[in-house]
Amino acid sequence: MTEDARWRDHLEKAGPSLHRIKRHDAMLVDAMLVGDKAHINRHSEDRSPEQLVNTASLPGIVGNAWAMADWHFGYGFPIGGVVATDIEAGGVISPGGVGFDINCGVRMCTLDLEVKDIKDLKKFGRRLKGRIPAGPSGKGGVDLSETKMDSILSEGAKAAAEHGWGEHRDLIAMESNGLLETQERLVSERALKRGSLSLGTLGSGNHFLELQVVDQIVDKNAANAFGLREGQVTAMIHTGSRGLGHQVCSDHVDSLEKKFRRQGNMWHSDEWDFKIPDRQLAAAPFHSNEGQAYFEAMQAAGNYAFANRSALTQRLRDALRAHLGSDGDLEVLYDVCHNIAKVENHVVHNENCTCCVHRKGATRALGGDHAELASRFAGIGQPVLVPGDMGTASWVLAGPTKGTNAAFGSSCHGAGRALSRSQARKTIDAEQLQNELQAQGITVHANTPNVLSEEAPSAYKDVDEVIRLTAEAELARPVARLRPFCVIKG
DNA sequence: ATGTTC
């Protein structure tokens, strides 16, 4: 065993589908891995558990550092990571704990339709492809003047609705009502420029817009509350803050990393007098100027992402009206962030704590008695939207009926990659894959053949397995499984 | 994830 894999010496079972890495070396708290033995062994050759261990030494960390069941290697922090710091006790905020695609997230819409109600599905798919701009460029975005950009960054989905890129009634069906408070708009000119053309565009990689059909109801009570029934058509939009959020992250990662100098095998900040084991965990005390500058810019980028999912929903509504003569009674079920840091109150070791909860590839999962949740989710729990891959399934889960789960009210966010993009391109033939998916009744409109190969179901882990582990660890409970039939891919 | 190499 290498020095680097010391975490295995400290691993113990902590419950059903739950393992603990006991505090050792520079760790300030324990780290929790959601998964059974077999699941953890599948990570024997990647360094993501070490990344999780590293996060456990961040100043002000409280509770445990967590890795959700779909954890994998990321920039500094593992993707799937949940890290909470006590911001009244010098706790830090770290851009690497949020990720490059700030407020990447998922919106799910219910339609009062079954698949058979969509006549000439092939034609509808082509219409959607024509109206949903996809791919790395911002080509096809809405016309965003400087004034409108300001309102989007400060007011998120509400501003989008005011500009005609969303509906006001959708706001109550969004995490934080689609609005992250910002005092100042601290976003660089470069970030603004990158965002100027891409509002209302999907992006690339694992981002998508899918028409899905509810193929299995697991929790009838919750499904009723969520307005879901077997055979029903739903739409799922998975995208984030595009180049704008990426630039905000880059700006702050660059400036914060410069504040750390190597000292033995750690990195030290003279300014704040603390050490981190990996420079990519560069962080600032939440209440420092640097911490606040990042937080405000992150909020603004998060608002842009909410507005982006709103604008795409509006384009979907337009496409439905053009094809069906109505929008199919499309309603937003919920819209969640899975790359964000939030200030939240939690009880840690029986004491109230104002925490900065970093969720990087993790979804908030509020209990059904939480004040922020819309009343229709009372006694049920927050909808947790988990996008899978384009040939298998996505899932809707629910947070606890009341109270919070052990992971600061967090759950998983997806299937997680099994093959790297380059491995997938090398080994998966795009045309053959497209034919295979078509034979299963799944039409994929991909921007390029490479995207098809990279996003192949076999390039992903089994989302059903991630859901099973998440449920066994009692983080969230499965409500419904959704199967795609029409996929728009960047 | 990303104007996929400032």
Side-chain angles (χ1 to χ4, degrees), chain A residues 48 51 70-81 94-107 133-142 144 149 187-209 237-255 257-258 280 294 297-298 301-302 304-306 308-309 312 336-341 358-363 387 389-390 413-426 446-455 459-460 488-490:
Chain A
S48 53
Q51 291 189 314
D70 52 330
W71 89 80
H72 54 108
F73 190 84
Y75 186 87
F77 292 62
I79 293 161
S94 172
V98 170
F100 278 83
D101 190 1
I102 294 167
N103 190 5
C104 187
V106 181
R107 175 177 296 204
S137 85
K139 211 174 149 201
V142 301
L144 194 55
M149 175 64 104
V187 170
S188 68
E189 285 302 318
R190 200 160 160 198
L192 290 174
K193 184 159 184 274
R194 288 181 67 174
S196 62
L197 298 174
S198 46
L199 193 79
T201 68
L202 210 46
S204 66
N206 64 357
H207 290 167
F208 63 71
L209 184 151
I237 296 169
H238 178 197
T239 186
S241 51
R242 310 289 282 101
L244 184 141
H246 191 274
Q247 190 61 46
V248 166
C249 183
S250 300
D251 289 344
H252 290 265
V253 160
D254 290 350
S255 65
E257 285 187 0
K258 287 199 182 85
Q280 293 184 355
Y294 169 68
M298 180 208 74
Y304 183 95
F306 279 133
N308 192 31
R309 293 195 285 276
L312 284 160
V336 296
C337 316
H338 55 225
N339 282 8
I340 201 76
H358 300 73
R359 295 192 182 90
K360 180 191 194 176
T363 310
D389 64 72
M390 65 191 179
H413 91 305
R417 292 201 77 83
L419 297 180
S420 71
R421 295 189 180 281
S422 56
Q423 280 174 309
R425 281 197 302 271
K426 260 184 266 174
N447 208 45
T448 63
N450 274 346
V451 163
L452 255 166
S453 303
E454 291 170 7
E455 296 300 314
Y460 280 88
I488 313 293
K489 266 287 193 187

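Below, chains carry the letters A, B, ... as their sequence lines are ordered, and counting in each starts from 1.
Formation of a donor-acceptor pair under 3.5 Å by the Asn308(A) side chain with backbone atoms of Ser241(A) is not found in this model.
Residues His338(A) and His238(A) place their aromatic rings such that the two centres sit under 6.0 Å apart.
Within 4.0 Å (heavy atoms only), Arg190(A) reaches at least one base atom of the nucleic acid.
Separating the CG atom of Asn450(A) from the C1' atom of dT2(B) is a distance of 16 Å, rounded to the nearest angstrom. For Glu189(A) and dG3(B), the CD to C1' distance is 17 Å, given to the nearest whole Å. Distance CG (Asn103(A)) to P (dT2(B)): 13 Å, rounded to an integer number of Å. Whole-Å rounding puts the Tyr304(A) OH to dT2(B) P distance at 11 Å. For the pair Asp251(A) CG and dG3(B) P, the computed distance is 13 Å after rounding to whole Å. At whole-Å resolution of the value, CZ in Arg194(A) and P in dT5(B) are 12 Å apart.
For DNA chain B, the residues of residues 197-205 of chain A within the heavy-atom distance limit of 4.0 Å (strictly under) are Gly203(A), Ser204(A), Gly205(A), sorted by number. Taking every heavy atom of residues 237-247 of chain A and every atom of DNA chain B, pairs under 4.0 Å involve Arg242(A), Gly243(A), His246(A), by number.
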Output side-chain donor-acceptor pairs under 3.5 Å for residues 133-141 of chain A, partner residues at least two apart or in another chain, one line each.
| from | atom 1 | to | atom 2 | distance (Å) |
| --- | --- | --- | --- | --- |
| Ser137(A) | OG | Lys139(A) | N | 3.1 |

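Residue-to-nucleotide proximity on DNA chain B shows that, of Phe100(A) and Pro136(A), the 5′-proximal contact is made by Phe100(A).
Note: His246(A) and Phe100(A) have tilted aromatic rings, judged against thresholds of 30 and 60 degrees for the angle between ring planes.
Atoms CE and CG, on Met149(A) and Leu144(A) in that order, are 5.0 Å from each other to the nearest 0.5 Å. Annotation: the span from Leu209(A) atom CG to Arg107(A) atom CZ amounts to 11.0 Å, rounded to 0.5 Å. Separation of atoms CG (Asp389(A)) and CD (Glu455(A)) is listed at 9.0 Å; rounding is to 0.5 Å.
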